[in-house]
Amino acid sequence: MKKTKNFVVPKVRQTILFIGLLIFLLVLAGLIIKTLLILNKSSVNPHHQFILQIMNQQQNILVVFSLDTGNMMEVFLQNSHGLITKQLSIPVDGTVHNIDPNSDITRNLLFHFHDSNATITIFDALQLFFFSHTISSDNIHKDTIILPASDAVSQQQIAKDFQDTTLYKENKSIAIVNATGISGLGTMLATLLSHIGANVISVTTAQQNKASSVILYNGEQSYTLQRMEHILRFQLQQTNTPSLADITITIGTKEGKNMMQ
């Protein structure tokens with residue numbers, strides 16, 4: 001009887017250990033898959049510009065993280081409301097809510113992430129936190145813009161605060177074609193892109209409207225092209241047809257209506 005009992009007990013222990021290990025591996029695999037999915041949704045590029053909008057009841061703040069140059073700019077907007085893409089003609093990469101602008105913004109965001117209703121991921125918040133805490137305090141600046149900012153001085157201020165250094169230095173020429181039938185939409189996009197340092201060389205109107213929007217480019221892909229795709233979410237299409245511009249952006253009717261909303 002003793003021999004039989006001693007033989008059964010190790011078998012039971014082995015089975016329990018095997019089941020425990022299997023459960024551990026399944027949980028670990030689930031965590032890895034979840035982490036990879038979150039990383040895939042990450043929108044912060046560790047080498048380039050990221051513009052974060054903080055939406056509060058009193059005012060809006062735009063924080064420009066220039067990860068390529070090691071600078072950070074907090075821009076306080078007066079007389080603003082809601083999403084400010086149209087009000088200021090600036091592309092916003094992500095938004096968060098109810099972050100106290102008088103505190104450490106990135107720390108507050110990271111430790112209260114689940115209460116911020118953020119459009120960025122927790123890994124994005126972690127990247128921005130480490131960036132803001134590894135640069136010199138001399139590289140963290142503040143500015144205020146009073147809306148509407150339509151005069152020449154305000155436009156220069158916007159261009160200074162929000163210039164994407166990598167985009168500006170790359171200096172890829174961009175042509176915009178308005179194929180929506182909506183007057184002024186091409187100029188609106190040109191202003192938005194110019195504010196972050198893009199080299200817009202022409203804005204024209206197509207003879208016929210087109211349903212779909214497209215970004216045509218010659219040669220290899222560039223950071224400018226990636227930034228345009230990220231901002232506009234238009235289809236990319238490589239072409240061998242000679243053009244005056246490195247990149248040609250055609251706005252179609254479908255996306256044109258969304259841009260007007």
Side-chain angles (χ1 to χ4, degrees), residues 42-80 83-85 87-113 115-116 118-147 149 151-172 191-199 222-224 226-227 230-231:
S42 179
S43 51
V44 173
N45 187 316
H47 305 293
H48 299 298
Q49 184 192 76
F50 187 85
I51 301 176
L52 181 69
Q53 180 180 3
I54 299 173
M55 303 174 68
N56 289 316
Q57 292 182 349
Q58 291 79 16
Q59 68 177 155
N60 281 304
I61 304 100
L62 288 177
V63 186
V64 186
F65 298 90
S66 298
L67 288 89
D68 50 349
T69 61
N71 287 282
M72 177 175 163
M73 172 73 75
E74 299 175 14
V75 182
F76 295 80
L77 306 176
Q78 295 186 6
N79 303 330
S80 65
L83 291 171
I84 51 77
T85 303
Q87 301 174 58
L88 196 61
S89 291
I90 288 294
V92 173
D93 298 303
T95 59
V96 297
H97 295 75
N98 304 319
I99 300 297
D100 183 4
N102 298 313
S103 65
D104 186 322
I105 289 176
T106 57
R107 181 185 296 275
N108 201 340
L109 170 60
L110 183 61
F111 290 100
H112 299 88
F113 182 80
D115 300 321
S116 66
T119 62
I120 62 174
T121 69
I122 185 67
F123 290 105
D124 291 328
L126 189 63
Q127 280 193 80
L128 298 178
F129 171 80
F130 278 116
F131 172 76
S132 66
H133 287 83
T134 53
I135 61 175
S136 168
S137 58
D138 294 335
N139 291 352
I140 300 177
H141 313 282
K142 298 180 185 293
D143 201 358
T144 300
I145 294 177
I146 302 173
L147 298 177
D151 59 279
V153 175
S154 296
Q155 292 296 304
Q156 291 177 359
Q157 181 183 5
I158 293 170
K160 175 180 68 69
D161 289 347
F162 295 96
Q163 184 183 89
D164 184 330
T165 304
T166 304
L167 188 73
Y168 178 77
K169 288 183 177 179
E170 207 169 64
N171 199 34
K172 294 289 185 180
T191 301
L192 182 143
L193 298 181
S194 297
H195 278 165
I196 59 172
N199 178 25
S222 60
Y223 168 68
T224 301
Q226 294 171 3
R227 188 77 167 121
H230 176 76
I231 293 170

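No hydrogens, no waters, no symmetry mates; every other heavy atom, side chains included, goes into these values.
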How about [X] and [Y]: does a side-chain donor come under 3.5 Å of a side-chain acceptor?
X: His230; Y: Asp93; result: yes
X: Thr166; Y: Asp68; result: yes
X: His133; Y: Asp104; result: yes

How long is the gap from [atom1] on [X] to [atom2] on [Y], to the nearest 0.5 Å?
X: Asn108; Y: Ile99; atom1: CG; atom2: CD1; answer: 4.5 Å
X: Leu193; Y: Ile231; atom1: CG; atom2: CD1; answer: 6.0 Å
X: Asp164; Y: Arg227; atom1: CG; atom2: CZ; answer: 5.5 Å
X: Ile105; Y: Leu128; atom1: CD1; atom2: CG; answer: 11.0 Å
X: Tyr168; Y: Gln163; atom1: OH; atom2: CD; answer: 6.0 Å
X: Met55; Y: Ile61; atom1: CE; atom2: CD1; answer: 10.5 Å

Could you pull out the closest heavy-atom pair between [X] and [Y], with the gap in Å?
X: Ile140; Y: Ser132; value: CD1-O, 4.0 Å
X: Leu109; Y: Ser116; value: CD1-OG, 3.8 Å
X: Gly197; Y: Leu167; value: C-CD2, 4.0 Å
X: Phe113; Y: Ala118; value: CE1-CB, 3.8 Å
X: His195; Y: Ser89; value: ND1-O, 2.9 Å
X: Ile120; Y: Gly94; value: CG2-CA, 3.9 Å

Any donor-acceptor pair under 3.5 Å linking the side chain of [X] with the backbone of [Y]?
X: Thr95; Y: Gln53; answer: no
X: Asn79; Y: Leu147; answer: yes
X: Gln49; Y: Phe162; answer: yes
X: Ser194; Y: Thr191; answer: no

In the structure I gave you, are the side-chain heavy atoms of [X] and [Y] within less than 4.5 Å of one another anywhere?
X: Ile54; Y: Phe76; result: no
X: Pro91; Y: Ile196; result: yes
X: Ile122; Y: Leu110; result: yes

Applying the side chain to side chain contact (heavy atoms under 4.5 Å, CB included) test to [X], which of [options] qualifies?
X: His141; options: Asp161, Val75, Asn71; result: Asn71
X: Met72; options: Val63, Leu67, Val64; result: Val63
X: Val92; options: Leu62, Asn60, Leu52; result: Leu62

Please step through side-chain contact (heavy atoms from CB on, under 4.5 Å) for the pair Asp124 and Phe50, ending with a clear verdict. CA-CA 10 Å; Asp124 291 328; Phe50 187 85; 5.5 Å; no
